[in-house]
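My questions all concern the structure below.
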Amino acid sequence: MIPKLVIANWKMAIDRDSVRHFRNEWEANQAFCEAKILVAPPAIFLSDLDGMAGVALCGQDVSANEPGAHTGELSAQMLNDFGCSHGLVGHSERRSSWSESDALVAKKALKLELLQICPVICVGESKADRESGRAEEVVAAQVLASCALLKSAPVIAYEPVWAIGSGEAATPEIAEAMHAAIKATLGERFGKPVPVLYGGSVNERNASQFTSCDSIDGLLVGGASLNARTFLNICQSVGS
Ligand SMILES: O=C(CO)COP(=O)(O)O
């Protein structure tokens with residue numbers, strides 16, 4: 001059985017002292033857990049977590065450009081240099097703040113794939129989509145367009161936009177239905193099932209409700225991952 005995957009997305013919500021505190025707390029309390037664990041720090045702190053016990057590194061975004069004169073961008077080669085095994089692309093905060101199209105997300109995912117970094121493609125519907133009954137249609141279109149250039153299976157992270165940072169997580173029933181729809185949309189395109197994570201107001205109280213569902217292959221955690229003990233509790237609830 002493939003271990004469930006749990007990713008900590010620290011966004012731009014942490015400073016160097018907090019990274020060091022997290023690392024000390026994590027390594028002092030890290031106990032066995034069944035999940036595969038990734039941490040996605042702001043790029044500037046990737047080196048602070050190099051070799052941290054029990055976790056692998058994940059990028060938060062990547063440039064669709066080749067290395068060169070692109071000020072402020074982060075190339076797939078740089079993530080590779082830091083040993084990132086995965087990279088987030090298409091997070092809703094980037095789709096909205098930077099008007100990232102599915103076509104741009106697809107190009108970013110390909111940049112990662114070409115360096116054997118597994119793309120974690122973020123998709124999710126707005127409150128308006130959900131209330132108008134279009135959630136599955138909107139997310140299916142995002143999935144197909146964002147995966148259009150890939151030859152190998154990515155990871156998909158289903159994060160309903162209305163659940164991110166709101167404290168209002170989707171119900172496990174909604175998450176299961178969307179995960180099943182995403183897997184049906186991709187079918188046998190990559191020759192094997194694509195892991196689908198849930199994200200959106202995950203915390204140590206609700207985590208196991210999601211990971212106990214067969215169609216939910218792990219979690220993408222924002223705010224609750226900034227504290228080492230909370231995040232460790234979430235990781236240890238997986239598979240239980
Ligand atoms: O955006 C998210 C993870 O990528 C979810 O954030 P929260 O867990 O803070 O809702």
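Both counts, for ligands and for their atoms, begin at 1 and track the order of listing.
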For His91 and ligand 1, does the shortest N/O to N/O distance drop below 3.5 Å?
-> yes
Report the relative orientation of the aromatic rings in Phe210 and Tyr198; use parallel for angles under 30°, tilted for 30 to 60°, perpendicular for over 60°.
->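 It falls in the parallel class, under 30°.
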Please report which non-hydrogen protein atom sits nearest to atom 5 (C) of ligand 1, along with the residue it belongs to and the distance in Å to one decimal place.
->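 Its nearest protein heavy-atom neighbour is Glu159 OE2, 3.5 Å.
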Which value, rounded to the nearest 0.5 Å, describes the distance between Asn80 atom CG and Leu112 atom CG?
-> 9.5 Å
Going by atom types only, do Glu113 and Ser152 share a side-chain donor-acceptor pair under 3.5 Å?
-> yes
Top protein contact for atom 8 (O) of ligand 1, by heavy-atom distance | Gly222 N, 2.9 Å
When you measure from atom 9 (O) of ligand 1 to every protein heavy atom, which one gives the shortest distance, and what is it?
->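 Sorting protein heavy atoms by distance from atom 9 (O) of ligand 1 puts Gly223 N, 2.9 Å first.
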Report the nearest protein non-hydrogen atom to atom 6 (O) of ligand 1: residue, atom name, distance rounded to 0.1 Å.
-> Lys11 NZ, 3.3 Å
Answer yes or no for Gly165: is there a heavy-atom contact with ligand 1 below 4.0 Å?
->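 Yes, that is the case, since the closest heavy atom of the residue is under 4.0 Å from the ligand.
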Taking atom types as modelled, is there a side-chain donor on Gln60 or Trp10 under 3.5 Å from an acceptor on the other?
-> no
May I ask you to identify, for Asn9, whether its side chain, its backbone, both or neither come under 4.0 Å of ligand 1 on a heavy-atom basis?
->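 Under 4.0 Å from ligand 1, Asn9 contributes side-chain atoms alone.
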Classify the contact between Ala163 and ligand 1 as side chain, backbone, both or neither, using a heavy-atom distance cut-off of under 4.0 Å.
-> backbone
Electrostatic pair Arg229-Glu25, nearest N-O below 4.0 angstrom =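 Yes, charged N to carboxylate O under 4.0 Å.
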Testing Leu150, Val143, Val194, Val155 for side-chain contact (heavy atoms from CB on, under 4.5 Å) with Ile121, which one passes?
->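 So the option named by the test is Leu150.
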Ion pair present between Glu100 and Arg95, side-chain N to carboxylate O less than 4.0 angstrom?
-> no
Sub-4.0 Å heavy-atom contact, Ser201 with ligand 1 = yes
